[in-house]
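Have a look at this one before I ask anything.
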Amino acid sequence: MKSKVTICLMVLLLAVSTYSCAQESEYKNDDFVINEVSIIHDADLALTVWEIKVDGKAGKTIPNAAGQLDGAPVLGYVFPTSLKPTDVGFNQTEGIVALALTSHPDFDDTPLWDENNDRIFDNDGVIWHPHWVILHEDKRVKGGLAVKQFKKDDNTVVLPPTNPGMPMYMDSPGYPVNPKNNTIKVIVPDYRMNNKTDFNYDGVTAFMKVNTTNPDLPMLGVYEVFSVASGDLSLPYKVK
């Protein structure tokens, strides 16, 4: 019997196939065409280096500001993984643990971190930065997935202390992200993911959008998948 995570991955794969025949969005370009993905563990430094290489220039394309939170566009380089939610500070829940490197000029969801080093902590959402998220199936959006939400009064939910205060399974861990030439990298200390260094992963690039007004849509949904490293989202890659 297929697990819920496997089914969720199959849904995303179907979304990828659907978009291959769809009209290309304004953000679909070589900056989001993946040609290589890797996670390498450095035992001496007790950290992993996560990397996505693209045909164009990684991180060069950023979203056009909507001027408000509702409808705000989000672009992402995403690593779906086989990690458990508890490995990165959430309570155990169904879904896919993913590390998403995102840019969104309309809002800042990393209140603890000053990514552009201007001593203002709420003005740098456009700078590429990381989020741990739990993705789950959501057929209300074209990409078939969304960040998992919860009711604000749900006492069973556990979030890391670095979360941005939104009613979603999302964390803003503050890891350093470095886009350079055709590569975007992020460094994750071992202790920040339960010292797990043996897991599977994949690479995805996607367009997402924020919703704060329509109760029939998710708060943060995947609306378009640009590229999948493996081609079939089978999470075939292992940490080296």
Side-chain angles (χ1 to χ4, degrees), residues 12 15-16 19-20 24-42 45 47-65 72-81 96-110 113-117 124-133 135 143 145 147 170-189 192-193 200-210 220 222-233 235-240:
L12 182 51
V16 174
Y19 272 109
S20 66
E24 295 183 356
S25 78
E26 60 182 313
Y27 301 112
K28 189 176 179 66
N29 60 49
D30 284 350
D31 296 347
F32 297 106
V33 177
I34 299 173
N35 61 51
E36 187 177 340
V37 62
S38 66
I39 300 178
I40 298 175
H41 182 238
D42 188 322
L45 296 177
L47 55 79
T48 49
V49 180
W50 305 48
E51 178 179 300
I52 289 178
K53 291 184 178 180
V54 296
D55 288 347
K57 291 189 175 182
K60 179 183 178 181
T61 299
I62 58 175
N64 298 317
V74 179
L75 289 171
Y77 298 87
V78 185
F79 298 85
T81 76
I96 303 166
V97 176
L99 184 60
L101 313 182
T102 67
S103 172
H104 40 73
D106 291 293
F107 63 102
D108 188 313
D109 52 6
T110 59
W113 319 110
D114 180 18
E115 288 90 349
N116 62 3
N117 199 33
D124 40 25
V126 70
I127 305 296
W128 290 96
H129 58 277
H131 293 290
W132 286 116
V133 295
L135 299 174
L145 287 175
V147 176
M170 176 185 287
D171 183 31
S172 302
Y175 310 140
V177 175
N178 184 28
K180 186 177 182 180
N181 298 324
N182 71 327
T183 303
I184 188 166
K185 297 181 181 181
V186 60
I187 295 173
V188 183
R192 296 289 297 275
M193 52 181 188
N200 287 59
Y201 64 93
D202 213 325
V204 175
T205 52
F207 170 71
M208 296 161 277
K209 194 160 55 176
V210 176
L220 182 57
V222 177
Y223 285 79
E224 185 168 4
V225 176
F226 300 133
S227 182
V228 179
S230 66
D232 60 4
L233 207 66
L235 274 66
Y237 309 111
K238 289 184 174 291
V239 179
K240 299 179 181 178

Point to revise | Result of checking Tyr27, Phe32, Phe207 against Phe226 for ring pair (Phe, Tyr, Trp, His ring centres under 6.0 Å) | key: Phe32
Check your understanding: Is there a donor-acceptor contact under 3.5 Å from the side chain of Asn181 to the main chain of Thr183?
Key ->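 No, the answer is negative, given that no donor and acceptor are paired below the 3.5 Å cut-off.
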Check your understanding: Mind checking whether His104 and Phe107 have parallel, tilted or perpendicular rings, split at 30° and 60°?
Key ->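 Because their plane-to-plane angle is under 30°, the rings of His104 and Phe107 count as parallel.
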Review point. Is Asp42 reaching over with its side chain to a backbone N or O of Leu45, donor-acceptor style, under 3.5 angstrom?
Key: yes
**Study point:** Full working for ring pair (Phe, Tyr, Trp, His ring centres under 6.0 Å) between Tyr175 and Trp50
**Key:** CA-CA 11 Å; Tyr175 310 140; Trp50 305 48; 8.3 Å; no
Review point. So do Val54 and Val33 actually touch side chain to side chain, heavy atoms under 4.5 Å?
Key: no
Review point. Does some side-chain heavy atom of Pro105 sit less than 4.5 Å from a side-chain heavy atom of Ile62?
Key: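 In short, these two side chains do not touch, never coming nearer than 4.5 Å.
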Check your understanding: What closest approach, in Å, do Pro130 and Leu99 show between heavy atoms, and which atom pair accounts for it?
Key ->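 Between these two residues, the closest heavy atoms are CB-CD1, 4.2 Å.
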**Study point:** Close side-chain approach of Val147 to His131, heavy-atom, < 4.5 Å
**Key:** no
Exercise for review: Report the residue from Ile52, Thr102, Val177, Val186 that forms a side chain to side chain contact (heavy atoms under 4.5 Å, CB included) with Tyr77.
Suggested key: Ile52
Review point. With a 4.5 Å heavy-atom cut-off, do Met193 and Thr48 have their side chains touching?
Key: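 Touching, per the 4.5 Å side-chain cut-off.
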Check your understanding: Using a distance-only test with no angle check, is there a side-chain donor-acceptor pair under 3.5 angstrom linking Asp202 and Ser230?
Key ->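 Result is yes, a qualifying pair exists.
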**Study point:** Distance-only side-chain donor-acceptor flag, His129 / Asp109, under 3.5 Å
**Key:**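 Looking only at side-chain atoms, Asp109 and His129 do form a donor-acceptor pair, the distance falling under 3.5 Å.
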Check your understanding: Is there a donor-acceptor pair closer than 3.5 Å between any side-chain N or O of Thr81 and the backbone N or O of Val97?
Key -> yes
Review point. Between atom NZ of Lys57 and atom CG of Asp31, what is the distance when rounded to the nearest 0.5 Å?
Key: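 Reported to 0.5 Å precision, the distance equals 9.0 Å.
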Review point. So how far is it from Lys185 NZ to Ile40 CD1, rounded to the nearest 0.5 Å?
Key: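 It comes to 8.0 Å.
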